[in-house]
Amino acid sequence: MTADAGQSRRFDLRRIRGVIFDCDGVLFDSRNVNRHYYNHILSALGLAPMTPEDEDYAFMHTVDKAMARIIPADLLPKAAQLQGHMTYGDFIDRMVPEPGLFELLHTLEKLDVRMAVNTNRKNSMEMVLERFDLTRFFHPVMTAAKVALPKPDPEGLRRIVETWGLAVQEMSYLGDSSVDQETTNRAGVPFWAYRNRDLRAQLHVDSFHELRQWFETGFCEIID
């Protein structure tokens with residue numbers, strides 16, 4: 001669970017009635033597809049591929065912010081034209097579902113735990129869910145295209161809270177980045193960090209297999 005040794009305490013997962021998921025880095029390993037998408041545009045413009053720092057930024061932010069970072073301002077109109085002739089479907093098969101994802105979703109469904117998505121993806125989230133036959137598990141699905149401001153603005157997360165009508169103590173947001181952490185802080189929703197122990201979180205989750213077992217047993221041990 002947590003990295004520091006100390007006194008353990010039991011965390012009761014039976015009170016959790018809703019789990020909100022980030023997409024990239026949580027539901028899916030999509031670094032490869034993101035890399036190919038943006039590098040395809042850069043190559044067509046005669047530019048060098050993304051640096052590792054650019055990849056990290058693009059992975060956490062909206063496509064508009066990523067494009068503004070990696071494309072010179074004078075080439076953005078041409079980049080937009082290239083995007084207009086591309087579809088995310090051309091790259092979607094490079095996405096890899098996280099190990100244990102399907103088993104976790106079926107377990108949460110069986111336990112009547114609600115599931116939703118809050119992502120900085122703009123127009124591709126529904127396509128991704130449909131491609132992997134996951135649409136029925138998630139409601140609502142909040143994207144950067146459905147809010148005035150993307151994460152870390154809390155609007156998307158707050159709208160999920162309002163739609164569900166649950167107390168925030170009965171839900172969690174599972175994310176993997178500092179952007180996700182800030183989003184939950186601003187929305188007042190408990191944060192669970194996925195495979196990133198550098199983040200401050202109520203729970204640290206190392207795998208979906210582990211999280212499924214916690215829900216099946218109803219608790220996990222936290223070491224403070």
Enquirer: Do Val179 and Phe28 share a hydrophobic cluster, counting only Ile, Leu, Val, Met, Phe, Trp and Tyr and linking them when any side-chain heavy atoms are less than 4.5 Å apart?
Expert: no

Enquirer: Please find the pair of heavy atoms, one from Arg186 and one from Pro152, that lie closest to each other, and give the distance.
Expert: NH1-O, 3.4 Å

Enquirer: Could you check Glu221 against Arg9 for side chain to side chain contact (heavy atoms under 4.5 Å, CB included), going step by step and ending with a plain yes or no?
Expert: CA-CA 6 Å; Glu221 295 291 335; Arg9 58 186 172 88; 5.8 Å; no

Enquirer: Should Val117 and Val96 be regarded as members of a common hydrophobic cluster, given that ILVMFWY residues are connected when their side-chain heavy atoms come within less than 4.5 Å of each other, either directly or indirectly?
Expert: no

Enquirer: Is there a continuous path of hydrophobic side-chain contacts, each under 4.5 Å between heavy atoms, that joins Tyr57 to Ile70?
Expert: no

Enquirer: Let me confirm one number: the OG1-CG distance from Thr217 to Leu13, rounded to the nearest 0.5 Å.
Expert: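 Thr217 atom OG1 to Leu13 atom CG measures 7.5 Å (nearest 0.5 Å).
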
Enquirer: Please check: side-chain N/O of Lys146 versus main-chain N/O of Val141, any donor-acceptor pairing under 3.5 Å?
Expert: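 Looks like yes, one N/O pair under 3.5 Å.
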
Enquirer: Any idea which heavy atoms bring Leu45 and Ala79 closest together, and the distance?
Expert: CD1-CB, 3.9 Å

Enquirer: Please go through Leu166's hydrophobic cluster and name the other residues, only I, L, V, M, F, W, Y counting, with side-chain heavy atoms under 4.5 Å joining them.
Expert: Ile20, Met142, Val147, Leu157, Ile160, Val161, Trp164, Val168, Met171, Tyr173, Val189, Phe191, Leu199

Enquirer: Would you indicate whether the side-chain heavy atoms of Leu174 and Leu211 approach each other to under 4.5 Å?
Expert: yes

Enquirer: Centroid-to-centroid, Tyr194 to Phe208, below 6.0 Å?
Expert: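 Yes, they do, as the ring centres are separated by less than 6.0 Å.
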
Enquirer: Which heavy atom of Ala116 sits nearest to which heavy atom of Pro140, and what is that distance?
Expert: CB-O, 3.2 Å

Enquirer: Between Ser30 (side chain only) and Val33 (backbone N and O only), is there a donor and an acceptor less than 3.5 Å apart?
Expert: no

Enquirer: Show the numbers, then the answer: is there a side chain to side chain contact (heavy atoms under 4.5 Å, CB included) between Ile16 and Trp214?
Expert: CA-CA 11 Å; Ile16 301 299; Trp214 292 345; over 6 Å; no

Enquirer: Looking at Thr143, Asp24, Asp22, which hits side chain to side chain donor-acceptor pair (under 3.5 Å) with Arg121?
Expert: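 Of all the options given, the one that passes is Asp24.
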
Enquirer: For Ala145 and Asn123, work out which heavy atoms get closest and say how close.
Expert: CB-OD1, 3.6 Å

Enquirer: Please confirm whether the backbone N or O of Arg212 pairs with a side-chain atom of Glu103, one donor and one acceptor, at under 3.5 Å?
Expert: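 Side chain of Glu103 to backbone of Arg212, a donor-acceptor pair under 3.5 Å: no, none is there.
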
Enquirer: Which other residues belong to the hydrophobic cluster containing Phe219, where Ile, Leu, Val, Met, Phe, Trp and Tyr are joined when side-chain heavy atoms lie under 4.5 Å apart, directly or via other members?
Expert: none

Enquirer: Any donor-acceptor pair under 3.5 Å linking the side chain of Asn39 with the backbone of Pro49?
Expert: no

Enquirer: Is there a chain of hydrophobic side chains (I, L, V, M, F, W, Y, each step under 4.5 Å between heavy atoms) that links Met60 to Met95?
Expert: no

Enquirer: Indicate if Phe21 and Phe59 have the same hydrophobic cluster label, given that clusters are the connected sets of ILVMFWY residues with side-chain heavy-atom separations under 4.5 angstrom.
Expert: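 Hydrophobic grouping puts Phe21 apart from Phe59.
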
Enquirer: Quick check against the 3.5 Å criterion: does Arg94 have a side-chain atom that pairs as donor or acceptor with the backbone of Asn34?
Expert: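 Side chain of Arg94 to backbone of Asn34: no pair is present.
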
Enquirer: Are Thr135 and Glu126 side-chain neighbours, meaning at least one heavy-atom pair lies under 4.5 Å?
Expert: no

Enquirer: Measuring from atom CG of Asn120 to atom NE2 of His61, what distance do you get when rounded to the nearest 0.5 angstrom?
Expert: 7.5 Å

Enquirer: Would you mind reporting whether Asn118 and Met125 have side-chain heavy atoms less than 4.5 Å apart?
Expert: no

Enquirer: Any side-chain to backbone donor/acceptor pair from His36 onto Asn32? Under 3.5 Å, distance only.
Expert: yes

Enquirer: I'd like to know whether CZ of Arg15 has more than 12 heavy-atom contacts from other residues, nucleotides or ligands below 6.0 angstrom.
Expert: yes

Enquirer: When rounded to the nearest 0.5 angstrom, what is the spacing between CG in Asp153 and CZ in Arg158?
Expert: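 The CG atom of Asp153 sits 7.5 Å away from the CZ atom of Arg158.
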
Enquirer: With side chains defined as the heavy atoms from C-beta onward, is the minimum distance between Leu129 and Phe137 less than 4.5 Å?
Expert: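 No, too far: nothing below the 4.5 Å cut-off.
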
Enquirer: Using a 4.5 Å cut-off on heavy atoms from C-beta on, say whether the side chain of His40 contacts that of Leu82.
Expert: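 The answer is no; the side chains never approach within 4.5 Å.
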
Enquirer: Rounded to the nearest 0.5 Å, what separates atom NE2 in His106 from atom CG in Leu111?
Expert: 13.0 Å

Enquirer: Applying side-chain hydrogen bond (donor to acceptor under 3.5 Å, both in side chains) as the test, list every pair that has at least one member in residues 69-86; sequence neighbours left out.
Expert: Tyr37-Gln83, Asp54-Arg69

Enquirer: Taking the basic N atoms (NZ, or NE/NH1/NH2) and the acidic carboxylate oxygens, is any pair closer than 4.0 Å for Arg159 and Glu155?
Expert: yes

Enquirer: Do the side chains of Val26 and Glu98 get nearer than 4.5 Å, heavy atoms only?
Expert: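 SC-SC contact between Glu98 and Val26 ruled out.
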
Enquirer: In Å and rounded to the nearest 0.5 Å, what is the CZ to CG distance from Arg35 to Leu42?
Expert: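 Reported value, rounded in 0.5 Å steps: 13.0 Å.
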
Enquirer: Quick check: do Ser172 and Leu203 have side-chain heavy atoms less than 4.5 Å from each other?
Expert: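 They are not in contact (no side-chain heavy atoms under 4.5 Å apart), so the answer is no.
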
Enquirer: Once the angle between the rings of Trp192 and Phe11 is folded into 0 to 90°, is it parallel (under 30°), tilted (30 to 60°) or perpendicular (over 60°)?
Expert: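 Perpendicular.
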
Enquirer: I'd like to know if the side chain of Ser124 reaches the main chain of Met127, judged simply by a donor and an acceptor atom lying under 3.5 Å from each other, with no hydrogens or angles considered.
Expert: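 It does not hold such a pair.
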
Enquirer: Grab the two heavy atoms, one from Gly218 and one from Asp12, that are nearest each other, plus how far apart they are.
Expert: O-OD1, 3.2 Å

Enquirer: Between Asp176 and Asn196, is there a donor-acceptor pair closer than 3.5 Å when you use the side chain of the first and the backbone of the second?
Expert: no

Enquirer: Test side chain to side chain contact (heavy atoms under 4.5 Å, CB included) on Leu47 and Leu75 and set out the steps.
Expert: CA-CA 10 Å; Leu47 300 173; Leu75 291 178; 4.0 Å; yes

Enquirer: Return the OG to CG distance between Ser207 and Leu101, rounded to the nearest 0.5 Å.
Expert: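 Reported to 0.5 Å precision, the distance equals 12.0 Å.
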
Enquirer: Which heavy atom in Val19 sits nearest to a heavy atom in Phe215, and how many Å separate them?
Expert: CG2-CZ, 3.9 Å

